[in-house]
Amino acid sequence: MSEIHEHSNKTIVSVEGMKKLEEKLQYLTTVRRAEVAEQIAIARGFGDLSENAEYDEAKNEQSRLEAEIIELENAIRTAVVIDDSDVSTDAVNVGTIVKVYYLDDEEEEEYAIVGARESDPMNNRISNESPIGAALLGHKEGDEVDVDAPDGAIRLKVLEIRR
């Protein structure tokens, strides 16, 4: 598995990320479904459904919940799970940690390149679909990379790639 790219209908996740998706689905289909059903039952008790804001809100919540469940089920079904041991460090890819040097700012930064569902930019976990993540994909140590970022062009040098 030297190269893994996100396909339009595929979700790239780590083994840990898949576990989190499955746990969230389990929570939504058990706990949240029961809570929403209870809200609907309580709201039904308030009488006339045509003028019942609580009932409407509970039904809307149920629709949102079911849509989220369907989205999660699809993500899990189409997910490409990346095992760390399959990840090559020859080039930047999902599952690698890359140390970069910002040529303009003369600063070093380290990023874990992850699938979109696992991104957490505040903790330097950037998506392979983000401007920096996408620009770095496929590059090797020593490469200089131009990033077309929302707030202007950035030049990076890849210093190190590891798992």
Side-chain angles (χ1 to χ4, degrees), residues 1-36 60-163:
M1 267 204 217
S2 59
E3 286 209 35
I4 300 170
H5 294 288
E6 183 121 350
H7 305 296
S8 58
N9 61 343
K10 297 282 186 200
T11 305
I12 296 179
V13 293
S14 65
V15 174
E16 175 190 331
M18 178 57 100
K19 191 169 160 238
K20 285 182 179 165
L21 288 177
E22 289 169 341
E23 286 169 0
K24 184 172 184 186
L25 180 61
Q26 177 71 23
Y27 170 76
L28 292 179
T29 56
T30 55
V31 178
R32 281 299 293 145
R33 264 189 183 152
E35 289 172 354
V36 171
N60 288 340
E61 178 62 24
Q62 185 181 43
S63 294
R64 284 191 295 273
L65 174 64
E66 293 305 321
E68 189 176 359
I69 287 171
I70 289 168
E71 183 190 334
L72 262 175
E73 287 172 341
N74 287 338
I76 289 169
R77 191 178 65 250
T78 62
V80 175
V81 180
I82 298 175
D83 188 336
D84 284 351
S85 60
D86 293 337
V87 175
S88 162
T89 56
D90 296 344
V92 177
N93 212 324
V94 174
T96 59
I97 295 170
V98 59
K99 186 187 286 186
V100 296
Y101 181 72
Y102 283 81
L103 295 168
D104 296 336
D105 301 337
E106 298 183 359
E107 289 180 9
E108 283 183 15
E109 195 65 70
E110 206 169 75
Y111 297 112
I113 309 295
V114 298
R117 284 188 169 268
E118 295 180 79
S119 76
D120 182 2
M122 300 308 285
N123 290 307
N124 285 11
R125 294 173 59 81
I126 62 171
S127 164
N128 58 324
E129 297 175 10
S130 70
I132 292 174
L136 288 171
L137 285 181
H139 284 280
K140 298 179 177 350
E141 288 179 6
D143 285 0
E144 289 190 8
V145 181
D146 290 312
V147 180
D148 188 14
D151 43 356
I154 301 171
R155 253 185 106 56
L156 303 173
K157 182 171 184 167
V158 178
L159 299 179
E160 182 189 351
I161 303 167
R162 60 186 172 78
R163 276 204 293 257

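Values in this document were obtained by computation on a predicted structure and should not be read as measured data.
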| task | Taking all non-hydrogen atoms of both residues into account, name the closest pair between Lys157 and Gly142 and its distance. | result | CE-O, 3.7 Å
| request: For the residue pair Leu72 and Arg117, establish whether any side-chain heavy-atom pair is separated by less than 4.5 Å. | output: yes
| note | So CG of Leu21 and CD of Glu118: to nearest 0.5 Å the spacing works out to 7.5 Å
| message | For residues 135-150, which residue pairs pass the salt bridge (Lys or Arg N to Asp or Glu O under 4.0 Å) check, not counting sequence neighbours? | response | Glu144-Arg155, Asp146-Arg155
| said: On a heavy-atom basis, which atom in Val94 and which in Ile12 lie closest, and how many Å separate them? | reply: CG1-CG2, 3.4 Å
| query | Could you give all pairs that pass the salt bridge (Lys or Arg N to Asp or Glu O under 4.0 Å) test and reach residues 90-100, with sequence neighbours left out? | reply | Lys99-Glu160
| request: Kindly give the heavy-atom pair with the smallest separation between Ala149 and Pro131, and that separation in Å. | output: CA-CB, 4.3 Å
| Smallest separation among heavy atoms of Ser130 and Ser127, with atom names | OG-O, 2.8 Å
| request: Could you pull out the closest heavy-atom pair between Ala116 and Asn128, with the gap in Å? | output: N-OD1, 3.7 Å
| note | dist Leu137:CG -> Ile132:CD1 (nearest 0.5 Å) comes out at 12.0 Å
| Below 4.5 Å, heavy atoms only, C-beta onward: do Ile113 and Ile126 meet side chain to side chain? | yes
| said: Tell me every residue that passes side chain to side chain donor-acceptor pair (under 3.5 Å) with Asn123, counting only those two or more places apart in sequence or in another chain. | reply: Asp120
| said: How long is the straight-line distance from CD of Glu66 back to CG of Leu28, given to the nearest 0.5 Å? | reply: 9.5 Å
| note | Rounded to the nearest 0.5 Å, the OG1 atom of Thr30 sits from the CD atom of Glu35 at a distance of 9.0 Å
| Which residues satisfy the side-chain contact (heavy atoms from CB on, under 4.5 Å) test with Thr29, sequence neighbours excluded? | Leu25, Arg33, Ile69
| Which atom names give the shortest non-hydrogen contact between Val147 and Ala135, and what distance separates them? | CG2-CB, 3.7 Å
| message | Applying side chain to side chain donor-acceptor pair (under 3.5 Å) as the test, list every pair that has at least one member in residues 105-115; sequence neighbours left out. | response | Tyr102-Tyr111, Glu109-Asn124, Glu110-Arg162
| Just how far is it from atom CD of Gln26 to atom CZ of Arg32, taken to the nearest 0.5 Å? | 15.0 Å
| note | For residues 17-28, the salt bridge (Lys or Arg N to Asp or Glu O under 4.0 Å) pairs (sequence neighbours left out) are Glu16-Lys20, Lys19-Glu23, Lys24-Glu68
